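Reviewing the structure listed below.
Everything numeric in this text was worked out from a predicted model, so none of it was measured. Below, read A as the first sequence line, B as the second, and so on, with proteins coming before strands; counting in each chain starts at 1. Worth knowing before you read on, the calculation uses all heavy atoms, side chains too, and leaves out hydrogens, waters and symmetry mates.
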Protein chains: 2
Amino acid sequence: MAVSTQAVGKDSKYDTGEAMCPYRLVLEHITSRWGVLVLIELLERPYRFSELRRAIGRVSEKMLTQTLQTLERDGLVHRDAKPVIPPRVDYSLTDLGREAAEQVRGLALWTEERMGAVQKAREGYDARKEGSERA
Amino acid sequence: MAVSTQAVGKDSKYDTGEAMCPYRLVLEHITSRWGVLVLIELLERPYRFSELRRAIGRVSEKMLTQTLQTLERDGLVHRDAKPVIPPRVDYSLTDLGREAAEQVRGLALWTEERMGAVQKAREGYDARKEGSERA
DNA sequence: CAGCATCCTCACAGATACTG
DNA sequence: CAGTATCTGTGAGGATGCTG
């Protein structure tokens, strides 16, 4: 999704208002850049906020918050905020989320396995382009 | 994806140069907004360029071209350009692409099936928010 | 620690015009 | 028909600072 249709700030109030079958939207939440990674991590075990941040690496706090909220709203992620000081918030998958995450993990595993083939395909592609654009 | 990490114009020359494990990049190509839809459509049968454009709907010609090129480079899509006038170009999945597309379709089907549950979850979430932000 | 608010930026994506 | 080239805006996403 670029793939990407989130935003939860005051501005664009959930989703691109665009006319679009709603299921594509959910699909984009799941396949969004950080959505994918969050779901896969949480499949392993529950995480605390900053724990998750470190585990994923290179996520800005803002994007992680946004992603988690979107996924929570869609009923895929459960947020458990303990009323203690300092605050402690645990994130885990709901049953629904677990199903989604398993699909996503399948895709991720496939991609990892097939990276070699992809790499080779790219070399071939680039070589062909290289040859044909010679002046 | 973001999800989305494509771009093939003269400017950013394939991918975000960012330091990032390469498999995440492929994953983002596959899960990108239009990547997902292209793969699913092509799983059905080969398509010509504008045929595919109509089938997906709401893709700009530019984005479709870009997406197809990225997927072709990754070895997921096969491009068959017939040297006739007017030009005719058929796109189909490679074996590699078919595998990926099946994973993606699984995810899409799951999402469609579970839309009801997602919708309910959202209503609950919004209701709770509604209640707690009352002044 | 786990956020929310604000500002800024650049690359993603659309619109338009042209070509083989 | 199937693209390329170019221009432009828009918003995803990062950086910073503040709060409970």
Residue set satisfying side chain to side chain contact (heavy atoms under 4.5 Å, CB included) with A:E44, at least two apart, ordered chain then number -> none
Base, sugar-phosphate, or nothing for A:R79, non-hydrogen atoms under 4.0 angstrom?
sugar-phosphate
Taken to the nearest whole Å, CZ/B:R88 to P/D:dG3 is 12 Å
Summarise how protein sits on nucleotides 14-20 of chain D as a single string, 5' to 3': B when a protein heavy atom is under 4.0 Å from the base, S for sugar-phosphate-only contact, - for no contact.
BB-B--B
Does B:R98 have any side-chain hydrogen bond (donor to acceptor under 3.5 Å, both in side chains) partners at least two apart in sequence or in another chain, and if so, which?
none
Hey, is the side chain of B:Q66 poking within less than 4.0 Å of OP1 or OP2 on D:dT4, counting only N and O atoms?
no
Whole angstrom is fine here: how far is it from CD in B:Q69 over to C1' in C:dA13?
15 Å
Among A:R79, A:R48, A:E51, A:E72, side chain to side chain donor-acceptor pair (under 3.5 Å) partner for A:Y91:
A:R79
Partners meeting side chain to side chain contact (heavy atoms under 4.5 Å, CB included) with B:E41 (sequence neighbours left out):
B:Y47, B:L52, B:A55, B:I56
Does B:R48 have a side-chain nitrogen or oxygen under 4.0 Å from the phosphate oxygens OP1 or OP2 of D:dC1?
no
Nucleotide D:dT4, atom P - distance to CG of B:L64 in whole Å:
11 Å
CZ of B:F49 versus C1' of D:dG3: gap in Å, rounded?
7 Å
B:L52 CG to D:dC1 P, straight-line distance once rounded to whole Å
15 Å
Can you tell me the distance, in whole Å, between the CD atom of B:E28 and the P atom of C:dC12?
10 Å
To the nearest Å, how far apart are B:L25 CG and C:dC12 C1'?
15 Å
Starting at atom NE2 of A:H29, determine the distance to atom C1' of D:dA12, rounded to an integer number of angstrom.
13 Å
Report yes if at least one side-chain N or O of B:Y91 is closer than 4.0 Å to OP1 or OP2 of D:dG3; otherwise report no.
yes
Pairwise side-chain hydrogen bond (donor to acceptor under 3.5 Å, both in side chains) hits with a residue in residues 80-89 of chain B, at least two apart
B:D80-B:K82, B:K82-B:D90, B:R88-B:D90
Within residues 106-117 of chain B or reaching into it, pairs that qualify as salt bridge (Lys or Arg N to Asp or Glu O under 4.0 Å) - sequence neighbours excluded:
A:E99-B:R114
Do B:L39 and B:I30 come within less than 4.5 Å of each other through their side chains, counting heavy atoms only?
yes
